[in-house]
Amino acid sequence: MKLPFSESYKIKMVEPLRRSTRREREQWIKEAKYNLFNLRSDQVFIDLLTDSGTGAMSDRQWAEIMLGDESYAGSSSYYKLKNAIREITGFPHFLPTHQGRAAENVLFSAMIKEGDLIPGNSHFDTTKGHIEYRRAKAIDCTIDEAFDTTLDHPFKGNINLEKLEKVLKENNREKIPMIIVTVTCNSSGGQPVSMKNLRDVRKLADMYEIPVFFDSARFAENAYFIKIREKGYADKNIREIVLEMFSYADGMTMSSKKDAIVNMGGFIAMRDKELFNRASIFNILFEGFISYGGMSGRDMNALAMGLYEGTEFDYLETRINQVAYLGEKLKEHGVPVQYPFGGHAIFVDAKRFLPQIPQEELIAQTLAVELYLESGVRGVEIGTLLADRDPETRENRYPELELLRLTIPRRVYTRDHMDYVAVALSNVYDRRELIRKGFVIVNEAPILRHFTVELDRA
Ligand SMILES: *Cc1c(COP(=O)(O)O)cnc(C)c1O
């Protein structure tokens, strides 16, 4: 018999989980104003809200914590991280920041001004938030195939080159400070961008002399998909693929809470010394001196180790197989899930799950609440709440897709946990026709409203 697949690590330390009853959950979610961000973590049994900062560090990372150098300037931890970043990404200059959005804040302060246009592939919400906060505009150039959840396409994160060229051609070069390519593309479902697409974007950008930056939170998962799916990469190792990917960029922003498997941290890396100098000013202003930027020495050590571990094939294979395992279970039961499965999460197509709920009543949020009530599993809405209002007209933006995201933390849950989630959501699917009403917004913030929004039953 062929030996079955199994995880590439074992468990050394455990954390108890608290079970709850449906009656308790009904009370708690009401008190939370039907916003899952307002739940206390002990009110959640399996937490699939996000894979951001929720991963389990390895024994080697914890060992690095003890070796941290807390010197204000020039610490050995800073140089350890600088070397890891140069080795893995090829970028000679870097600035540490406290997380990914801080990297965006620093880089955009140095590069983006009012009225600018920033084309890319389905910009992440904080990226878009930082662009719009500067009264600039994010232009989505993702391929159309990304928006059909049933279509099998290996690289749904790709940029449509005609859409991109149209933006570059029709606008003054001074108005386009950068192109941002998100790898993998979180907002379109953790979908990868092919090496060919990265290369083609680079060529186009060179023609119009526009810098290219990667929003790199899940660069290693992207590299794994290139190895598995793209012709010519099967025999290359992950590190070689990562180096080639970044060779097509001028720089990157990183949320280390994702593929670098730490609980907090981020950075910016770039090739251009002059940009590094300009961005350093904002780093010192917002984050801290350039040799720590909001991170302690021990955290930079753990992050350096996380970059190496996060780019190991065996780790990535375990991670992406676990996500696909959950996806397959749901698919077998008939639950409409996005296909192919993303790297960090399974996306449930809520419009097809609950066709009776109108989009104004927040379809994906309705499904997220139902799953929580059923099982104590916390997923997250990627739909109308997240899409927020148009900054100019203040009208609600209704996105093409209403998704419930089940995000899998790295190295945290077991296969039994995935089975539990699959049965929970399948139970909701079996009684889906009994769900007649969604939610209305009672209270919302002017920007990034999904974190704090208050809802009531429609
Ligand atoms: C998480 C994430 C960010 C923001 O990073 P934070 O560490 O949460 O501030 C930016 N872009 C992408 C693609 C992300 O996934």
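Both counts, for ligands and for their atoms, begin at 1 and track the order of listing.
- Only the side chain of Lys257 comes within contact range of ligand 1, with a heavy atom under 4.0 Å; no backbone atom does.
- Below 3.5 Å of separation, one finds an N or O of Asp215 facing an N or O of ligand 1.
- Between Gly100 and ligand 1, at least one pair of N/O atoms sits closer than 3.5 Å.
- The protein heavy atom nearest to atom 7 (O) of ligand 1 is Ser255 OG, 2.7 Å.
- Side chain of Arg410 to main chain of Ile261: no donor-acceptor pair is present (N/O by atom type, distance under 3.5 Å, no hydrogens or angles).
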Side chain to side chain donor-acceptor pair (under 3.5 Å) between Tyr308 and Glu87, intermediate numbers included: CA-CA 9 Å; Tyr308 291 114; Glu87 200 177 322; 2.9 Å; yes

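- Every atom of ligand 1 with a heavy atom of Thr126 under 4.0 Å away is listed here by number and element: 3 (C), 4 (C), 10 (C).
- Remark: ligand 1 and Thr182 share no N or O pair separated by less than 3.5 Å (distance only, no angle test).
- Which parts of ligand 1 touch Glu104 is read off a 4.0 Å heavy-atom cut-off, strictly below it: atoms 10 (C), 11 (N).
- Among His123, Lys258, Lys128, His98, the residue whose heavy atom sits closest to atom 14 (C) of ligand 1 is Lys258.
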So Glu402 and Gln365, side chain to side chain donor-acceptor pair (under 3.5 Å) or not? Walk me through it. CA-CA 9 Å; Glu402 285 277 337; Gln365 181 67 13; over 6 Å; no

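- Partner of Ile346 under the side chain to side chain contact (heavy atoms under 4.5 Å, CB included) criterion, chosen from Val421, Val335, Leu326: Leu326.
- Among the candidates Thr318, Asp314, Asn321, the single residue satisfying the side chain to side chain donor-acceptor pair (under 3.5 Å) test with Ser8 is Thr318.
- Looking only at side-chain heavy atoms (C-beta outward), Phe94 and Tyr78 come within less than 4.5 Å of each other.
- Taking every heavy atom of Arg101 and a limit of under 4.0 angstrom, the matching atoms of ligand 1 come to 4 (C), 5 (O), 6 (P), 8 (O), 9 (O).
- Taking a cut-off of under 4.0 Å to the non-hydrogen atoms of Arg218, the atoms of ligand 1 that pass are 15 (O).
- Tyr208 does not carry Arg173 over the face of its six-membered ring by the limits of under 6.0 Å from the centre and within 45° of the normal.
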